[in-house]
Amino acid sequence: MVTIHNLCKTYKTAKGAVPVLQNIDLHIEKGDIFGIIGFSGAGKSTLIRCLNRLEEPDTGSIVIGDKVMTGLNERELRIARQKIGMIFQQFNLFDAKTVFQNVAFPLEVAGHPKTYIHQRVREILDLVQLGDKANVYPFQLSGGQKQRVGIARALVNEPDLLLSDEATSALDPQTTYSILELLKEINRQLNLTILLITHELDVLQHLCRNMAVLEGGRIVETGNVEQFFLQP
Ligand code: ADP
Ligand code: ADP
């Protein structure tokens, strides 16, 4: 589903070129929940942002499904991005839009007809158990509810891949647990591939089947989560 080969990324700063990702190789199977764990500054955000080309990698290739992301022009990229959902630590909702409007937004951008949008938004809000919150604004929601809106918006276009950037880091443990359970359920129901980054071992252990450890811009370990934690 996702294959990253020899990905390198350098930031150019006043002090010169700083290598942030070095020779990243990763393969993620369809339907997997794959976690990338690492300390702050390891390069996790940069890596996940390279996947949908919010960052331009210097070298290397990224293939998602049947699309060579690193070979797309702007127009092709806009279309490809519609099939990659993303959720964020700070939810990134539109404060001036209702829950309904937040979730409808990607469908409007994709140019779907109104009747389809109404039906699809209803359906996806039910999936994240927010069917009764369609007409409220983000400020009226708890953190967990906001992230459910984020998840609904990420899923509404039926993506092939869901990217999660520390999606539970701003939530308390109990809410974190319920969001992780929701992601598991979505993975099970839709066979949706999920790639997440986290600095929390608990999140990895609870949610992921496979994992990689990122340290100083390099992958230093990769494997099955259960086996990893069984090791002495
Ligand atoms: P993580 O998500 O693991 O915390 P990041 O990908 O955010 O790591 O950052 C990796 C390294 O790249 C850090 O040292 C960070 O300071 C640096 N960095 C991130 N973004 C930029 C940028 N736009 N310009 C220069 N350096 C950056
Ligand atoms: P308009 O032509 O004014 O956009 P719509 O019927 O599309 O009229 O809807 C207006 C607003 O009402 C939408 O922007 C949306 O926020 C809200 N809305 C529409 N349908 C629903 C619905 N099924 N549930 C909740 N809110 C809805």
Side-chain angles (χ1 to χ4, degrees), residues 1-28 32-64 67-95 143 146-147 150 153-154 159 161-171 176 193-205 207-208 210-223 225 228:
M1 176 66 216
V2 180
T3 302
I4 301 174
H5 181 58
N6 202 28
L7 185 73
C8 295
K9 171 75 185 173
T10 300
Y11 284 118
K12 282 154 198 75
T13 66
K15 289 188 208 154
V18 183
V20 178
L21 295 174
Q22 302 184 57
N23 312 98
I24 303 290
D25 282 298
L26 267 187
H27 181 73
I28 300 165
D32 197 3
I33 308 183
F34 194 103
I36 297 173
I37 189 162
F39 294 117
S40 174
K44 302 183 299 296
S45 302
T46 304
L47 177 54
I48 210 166
R49 287 165 57 83
C50 281
L51 280 170
N52 51 15
R53 281 185 48 200
L54 288 173
E55 293 287 353
E56 283 298 330
D58 299 337
T59 61
S61 64
I62 297 167
V63 180
I64 299 179
K67 293 222 163 56
V68 184
M69 294 299 291
T70 33
L72 303 180
N73 63 32
E74 276 302 317
R75 197 187 63 85
E76 293 165 331
L77 188 58
R78 273 201 299 279
I79 294 165
R81 278 190 184 137
Q82 292 177 2
K83 289 294 173 187
I84 304 173
M86 190 155 177
I87 54 176
F88 307 87
Q89 179 170 0
Q90 295 304 333
F91 323 122
N92 296 16
L93 302 180
F94 302 110
D95 293 332
K146 284 181 197 168
Q147 194 55 289
R153 185 180 57 183
L161 174 67
L162 177 66
L163 301 176
S164 167
D165 184 350
E166 302 277 5
T168 56
S169 296
L171 304 173
T176 292
T193 312
I194 302 179
L195 171 58
L196 64 105
I197 60 174
T198 182
H199 65 276
E200 292 170 301
L201 219 47
D202 288 354
V203 168
L204 197 76
Q205 256 182 310
L207 184 60
C208 300
N210 291 293
M211 59 175 281
V213 182
L214 192 65
E215 238 176 66
R218 292 176 188 276
I219 303 252
V220 295
E221 289 275 359
T222 163
V225 170
F228 190 84

Once you round to the nearest 0.5 Å, how far does [atom1] of [X] lie from [atom2] of [Y]?
X      : Y      : atom1 : atom2 : result
Met69  : Ser61  : CE    : OG    : 12.0 Å
Arg81  : Met86  : CZ    : CE    : 10.5 Å
Phe88  : Glu166 : CZ    : CD    : 13.0 Å
Leu163 : Ile48  : CG    : CD1   : 4.5 Å
Phe34  : Ile194 : CZ    : CD1   : 13.5 Å
Leu195 : Asp32  : CG    : CG    : 9.5 Å

Check whether any side-chain heavy atom of [X] lies under 4.5 Å from a side-chain heavy atom of [Y], and answer yes or no.
X      : Y      : answer
Met1   : Ile64  : yes
Lys67  : Ile62  : no
His199 : Ser40  : no
Ile84  : Leu51  : no
Ile28  : Leu161 : no
Val203 : Ile37  : no
Arg53  : Leu72  : yes
Phe228 : Leu204 : no

Return yes if some donor-acceptor pair links the side-chain N/O of [X] with the main-chain N/O of [Y] below 3.5 Å, else return no.
X      : Y      : answer
Gln205 : Asp202 : no
Lys44  : Ile36  : no
Arg153 : Ile87  : no
Gln147 : Thr168 : no
Gln89  : Ser164 : no

Exercise for review: Only one of Leu214, Thr46, Asp165 passes side-chain contact (heavy atoms from CB on, under 4.5 Å) with Ile197; say which it is.
Suggested key: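 Of all the options given, the one that passes is Asp165.
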Review point. Applying side chain to side chain donor-acceptor pair (under 3.5 Å), which residue pairs with at least one partner in residues 12-23 are found, sequence neighbours left out?
Key: Asn6-Asn23, Gln22-Arg218
Review point. Within a reach of under 6.0 Å around CD of Glu74, are more than 12 heavy atoms found that belong to other residues, nucleotides or ligands?
Key: no
Check your understanding: Within a reach of under 6.0 Å around OH of Tyr11, are more than 12 heavy atoms found that belong to other residues, nucleotides or ligands?
Key -> yes
